[in-house]
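Input: a single structure, listed below in structure tokens.
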Amino acid sequence: MKPVSPVLFVSFVAAILGLTGCGQSDKPSESAHAQHAAAAASAPAAPAASAEKPKSGRAVAITANDTMKFSVTEIHAKPGEALAVTLTNEGTVPKFSMGHNWVLMTAGTDLNAVTAAAIEAATTEYIPASFKDRILASTKLLGPKESDTALFYAPKQPGRYPFLCTYPGHMQVGMKGELIVE
Ligand SMILES: [Cu+2]
């Protein structure tokens, strides 16, 4: 048999190149579109999450200092009550060796497991990623004379919800307490 005519061969190659070119030009726009769609799909999640926080709540003031104790170790609340827990660090020791935070956890959380994980979480202010989904509310990690407020709705389910300072060693010395929903 004779080879395929050059004209046919060229048009065949052109078709292939055309298809490939088309495929290549389509792919980036398709994935860009997919990324755009993914971004659009995930966008509503942020407002929904922040919408779960009240604009204001019953004020609960807690102080802590270099003795590593919370001034309040029991908070009583009604189910679903809006709360504004403000932690103030009245100590003088620098944050890197004596930071304090206030972190409210889901009922039944093993605080020893939280603090064990927190030791490895210095880059995230001692908030361990492995326990993030168990955190109901939290303040920033505070240095001397700093203060921060956690605005949140108390859980609707009555019960005892533990809170702690996740700075290494502080919970063991006594920086812990409970939110009692009743
Ligand atoms: Cu602390």
Side-chain angles (χ1 to χ4, degrees), residues 42-43 45-182:
S42 66
S50 62
E52 289 169 19
K53 287 186 180 182
K55 287 198 171 67
S56 64
R58 177 165 59 87
V60 177
I62 306 177
T63 60
N65 57 31
D66 301 337
T67 64
M68 293 171 280
K69 297 278 186 287
F70 281 133
S71 62
V72 173
T73 56
E74 245 184 43
I75 301 169
H76 293 260
K78 295 195 164 52
E81 184 181 2
L83 295 171
V85 173
T86 300
L87 176 67
T88 303
N89 180 357
E90 298 182 331
T92 57
V93 179
K95 182 176 170 179
F96 71 85
S97 53
M98 184 63 77
H100 298 304
N101 60 13
W102 182 88
V103 182
L104 178 67
M105 310 295 301
T106 52
T109 300
D110 178 356
L111 297 190
N112 284 307
V114 175
T115 54
I119 292 169
E120 308 296 324
T123 56
T124 52
E125 298 205 315
Y126 301 106
I127 298 292
S130 52
F131 281 90
K132 263 196 162 159
D133 59 353
R134 303 207 66 155
I135 296 173
L136 299 175
S138 64
T139 68
K140 293 183 290 195
L141 187 70
L142 306 170
K145 314 308 175 201
E146 289 180 337
S147 130
D148 189 36
T149 300
L151 268 170
F152 63 100
Y153 289 110
K156 291 193 175 81
Q157 185 73 33
R160 302 173 85 92
Y161 298 81
F163 60 78
L164 76 158
C165 169
T166 62
Y167 193 96
H170 292 196
M171 188 279 288
Q172 286 76 3
V173 180
M175 288 196 84
K176 61 179 176 177
E178 281 183 322
L179 169 71
I180 299 162
V181 177
E182 56 196 353

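What you are looking at is a predicted structure, and each value in this text was computed from that prediction instead of being measured. As a basis for the values below, the full set of heavy atoms in this structure was taken, side chains included, without hydrogen atoms, waters or symmetry mates. Numbering of ligands and ligand atoms starts at 1, following listing order.
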Output yes when a side-chain donor or acceptor of Asp66 lies under 3.5 Å from a complementary backbone atom of Met98, and no otherwise.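 No, the answer is negative, given that no donor and acceptor are paired below the 3.5 Å cut-off.
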Atom name, His100 (N, O or S, nearest to the Cu ion (ligand 1)):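 Answer by atom name: ND1.
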Tell me which N, O or S atom from His170 is the closest to the Cu ion (ligand 1).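 For His170, the N/O/S atom sitting closest to the Cu ion (ligand 1) is ND1.
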Can you tell me if Lys140 has over 12 outside heavy atoms packed within less than 6.0 Å of its NZ?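 It does not: Lys140 NZ has 12 such atoms or fewer within range.
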Take atom NZ of Lys145 as the centre, draw a 6.0 Å sphere, and report whether it contains more than 12 heavy atoms from other residues, nucleotides or ligands.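 Check passes, neighbour count above 12.
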Under 2.8 Å from the Cu ion (ligand 1), is there any N, O or S atom belonging to Thr166?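 It does not; every qualifying atom lies at 2.8 Å or beyond.
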Return the orientation label for the Phe163 and Phe70 ring planes: parallel under 30°, perpendicular over 60°, tilted otherwise.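 Answer is perpendicular, since the angle exceeds 60°.
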